[in-house]
**Student:** 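Following this message is one structure expressed as structure tokens.
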Protein chains: 2
Amino acid sequence: MTRPVTKAALDRSSSLHEVFALPEGRALEICLKLQAAILEHRLAPGVKLSEDEVGEIYGVSRTVVRAALQALAHSGLVAIEKNRGAFVAKPTIREAHEVFQARALIEPAVARLAADLITDTQLDDLRDHLEAEHDALHAGDMSRALFLSGGFHTEIADIADHRIYAGMVRSLISRSSLIIALYWKRSDTACESHSHHALMDAFEKRDGAAAESIQKSHIIDLHSGLDLKEKRAGGISLSEALTV
Amino acid sequence: MTRPVTKAALDRSSSLHEVFALPEGRALEICLKLQAAILEHRLAPGVKLSEDEVGEIYGVSRTVVRAALQALAHSGLVAIEKNRGAFVAKPTIREAHEVFQARALIEPAVARLAADLITDTQLDDLRDHLEAEHDALHAGDMSRALFLSGGFHTEIADIADHRIYAGMVRSLISRSSLIIALYWKRSDTACESHSHHALMDAFEKRDGAAAESIQKSHIIDLHSGLDLKEKRAGGISLSEALTV
DNA sequence: CAATCTTAAATCGTATACAATTTTTGTTCA
DNA sequence: TGAACAAAAATTGTATACGATTTAAGATTG
């Protein structure tokens, strides 16, 4: 009755392919490249992502491009409109509020978990990350600084070692990147860096309560740094009329 | 300079196509049918969903089936393994814990929002829903009772009128359905019904704090109603060896 | 000259076909 | 008998082709 187990089956049982519903192979590659481009603000919200165009750029068929775009749509970075195509998502003011509300609920809980679990090597990694963020800021590379700032938050989620929370945080951070691109008001971003350093201190002390509290304040502060006053809507749809 | 606006463009600006990244048209149809089948436990966790088979059943090509399966994978109901195909997801014990941890964090907050926003007609709808749940329970239709029980939670999320939370809750409820199918321990489900009635009372009084508190207890109670003791793992893989 | 209708180009939605991989089946040999 | 190997069948991954819809351009008319 026992049959020789196939090689592939053995691989499966051992490997931790718990990557959480990402498209596999080629599609994932394109998915990540597009995601990076969007998160680094090299693709502005509202820009059209033509299937043929993207496919030709990366040398793949529309089939795989569609898979990648669909995945990005699920993570909220891309909006797909029937018979019209895919566009870099352009979060509404309402969605911006909702995203930061959700972050203010989830990320503090995640920070507390992370503080209890963080290892010394992970502390080192976080410190390195913070330094890179600092460097980018000093070099005036705002896009990269913002990108790294987001990465700081997702890294914490990974440390918390909670797949569900990690997925949620990743999605929320991605949307936040677009939201900040559209609605950022404050000119100084030093505040960010300060909060992140305070978080580092809490992590070093393994003080979960402090980490939770700091993270909550930090996100509320970020939220208040946005200009979400409706008036922009008109201006945006105008510029949209010109560019699209 | 002004060009006559296309009909489709007008439709777009007016219609609220904020359906949140679901596949459009045919794919959505199949997506919903498969989802219903899984949530009603007519498709057991681990069952293979062959592209050809599903396509032939619903009379569509593999292309659209793939889109539907990918969407379901993103919502956590289906697991796709490279070069092997799609299967009804089979949440691990760890994922079960994570899902209910997340629910215990998010749903109470959602319940509070809902209590502040709920309208009279929505109260009526909830009452109807509760009654249907009650009927199914009395009729001994466990699958349907469980299905409706999940629906109660998503309905609350819709009332809270918060897209991000609603999406998260929907995904968590879906996974919970699978988790319960795999790990439910308690034989009585009357407790559920009781909690839901208590929630109704809080909603009727528009008492957000009470709703939040009740919902949190309810979810913790659900979590404790699961048998997540690892030992099952062996038993499951055995039965799996027989059925698959 | 502006608005409407018609026609052409471009783009998406879906089906089908072929290549790559896995799984099964059948055979051989110790 | 049971393990190891080889070939065949089945299934997925990807590319391409064709029909449908949208968008843009051009002609027409008041």
Side-chain angles (χ1 to χ4, degrees), chain A residues 1-15 17 21-31 46-73 78-88 240-244, chain B residues 1-15 17 21-31 46-73 78-88 240-241 244:
Chain A
M1 197 165 204
T2 54
R3 246 188 189 289
V5 194
T6 61
K7 283 170 294 183
L10 275 177
D11 288 344
R12 270 196 301 285
S13 62
S14 62
S15 83
H17 61 87
L22 276 175
E24 64 279 344
R26 298 285 264 306
L28 179 127
E29 201 179 320
I30 293 171
C31 195
V47 169
K48 165 143 204 192
L49 300 171
S50 162
E51 295 178 355
D52 275 323
E53 202 172 340
V54 175
E56 196 165 343
I57 288 174
Y58 294 120
V60 294
S61 160
R62 279 177 53 212
T63 308
V64 50
V65 173
R66 277 176 79 84
L69 290 175
Q70 223 180 294
L72 288 171
V78 159
I80 295 179
E81 300 183 26
K82 172 154 178 163
N83 281 320
R84 267 182 47 84
F87 303 82
V88 178
E240 176 187 34
L242 296 174
T243 57
V244 180
Chain B
M1 195 164 199
T2 55
R3 252 196 180 288
V5 194
T6 62
K7 284 171 295 183
L10 275 176
D11 287 344
R12 269 195 303 284
S13 62
S14 62
S15 84
H17 60 87
L22 278 175
E24 65 279 343
R26 299 284 264 305
L28 178 128
E29 201 180 319
I30 293 171
C31 195
V47 169
K48 166 144 204 194
L49 302 172
S50 159
E51 295 178 357
D52 273 324
E53 202 172 341
V54 175
E56 196 165 343
I57 288 174
Y58 294 120
V60 294
S61 162
R62 280 177 52 212
T63 308
V64 50
V65 174
R66 278 176 78 85
L69 289 175
Q70 222 180 295
L72 288 171
V78 158
I80 295 178
E81 300 181 25
K82 173 154 179 164
N83 281 320
R84 267 182 47 86
F87 304 81
V88 178
E240 175 186 35
V244 178

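The chains referred to below are lettered A, B, ... by the order of the sequence lines, with proteins before strands, and numbering in each begins at 1. Both backbone and side-chain heavy atoms feed into the values below; hydrogens, waters and symmetry mates do not.
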**Student:** Round to the nearest Å and state the distance from A:D52 atom CG to C:dC12 atom P.
**Tutor:**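 Rounded to the whole Å, the gap is 6 Å.
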**Student:** Can you tell me how far apart CZ (B:R62) and CG (B:L69) are? Round to the nearest 0.5 Å.
**Tutor:** 10.5 Å
**Student:** Hey, could you give me the CD1/CG distance between A:I57 and A:D52, rounded to the nearest 0.5 Å?
**Tutor:**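 Here the interatomic distance stands at 11.0 Å.
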**Student:** D:dA15 C1' sits how many Å from B:R62 CZ, rounded?
**Tutor:** 12 Å
**Student:** Given atom CD of B:E56 and atom P of C:dT14, what is their separation to the nearest angstrom?
**Tutor:** 19 Å
**Student:** Where the side chain of A:V60 is defined as all heavy atoms beyond and including C-beta, which of C:dA15, D:dT12, D:dA15 is the nearest nucleotide?
**Tutor:** D:dA15
**Student:** Got a second to check how far A:S61's OG is from A:R26's CZ, nearest 0.5 Å?
**Tutor:**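 Answer for the OG-CZ pair, A:S61 versus A:R26, is 9.5 Å.
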**Student:** Respond yes when some side-chain nitrogen or oxygen of B:S61 is under 4.0 Å from OP1 or OP2 of C:dA15, and no when none is.
**Tutor:**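 Answer is yes, contact under 4.0 Å.
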**Student:** Going from CD on B:E51 to CD on B:E56, what distance comes out if it is rounded to the nearest 0.5 angstrom?
**Tutor:** 13.5 Å
**Student:** May I ask you to say what A:R26 touches in the nucleic acid, namely base, sugar-phosphate or nothing, with a heavy-atom cut-off under 4.0 Å?
**Tutor:** sugar-phosphate
**Student:** Nearest of D:dA15, D:dG13, C:dT14 to any side-chain atom of B:E51?
**Tutor:** D:dG13
**Student:** To the nearest Å, give me how far apart CZ (B:R66) and C1' (D:dT14) are.
**Tutor:** 8 Å
**Student:** Atom CD of A:E53 and atom P of C:dT11: how far apart are they, to the nearest Å?
**Tutor:** 8 Å
**Student:** Between B:K48 and B:T63, just flag the one whose closest nucleotide in DNA chain D comes earlier from the 5' side.
**Tutor:** B:K48
**Student:** Find the distance B:K82:NZ to D:dT14:C1' and express it as a whole number of Å.
**Tutor:**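 These atoms are roughly 11 Å apart.
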**Student:** So does A:V88 get a backbone contact from the side chain of A:K48, meaning a donor-acceptor N/O pair under 3.5 Å?
**Tutor:**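 It does not hold such a pair.
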**Student:** Please state how far atom CG in A:L69 lies from atom P in C:dT11, giving the value in whole angstrom units.
**Tutor:** 14 Å
**Student:** Over how many whole Å does the gap from B:Q70 atom CD to D:dT12 atom P extend?
**Tutor:**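 Those two atoms, CD and P, are 14 Å apart.
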**Student:** Counting only distance, no hydrogens or angles, is the base of D:dG13 paired donor-acceptor with the side chain of B:R84 under 3.5 Å?
**Tutor:** no
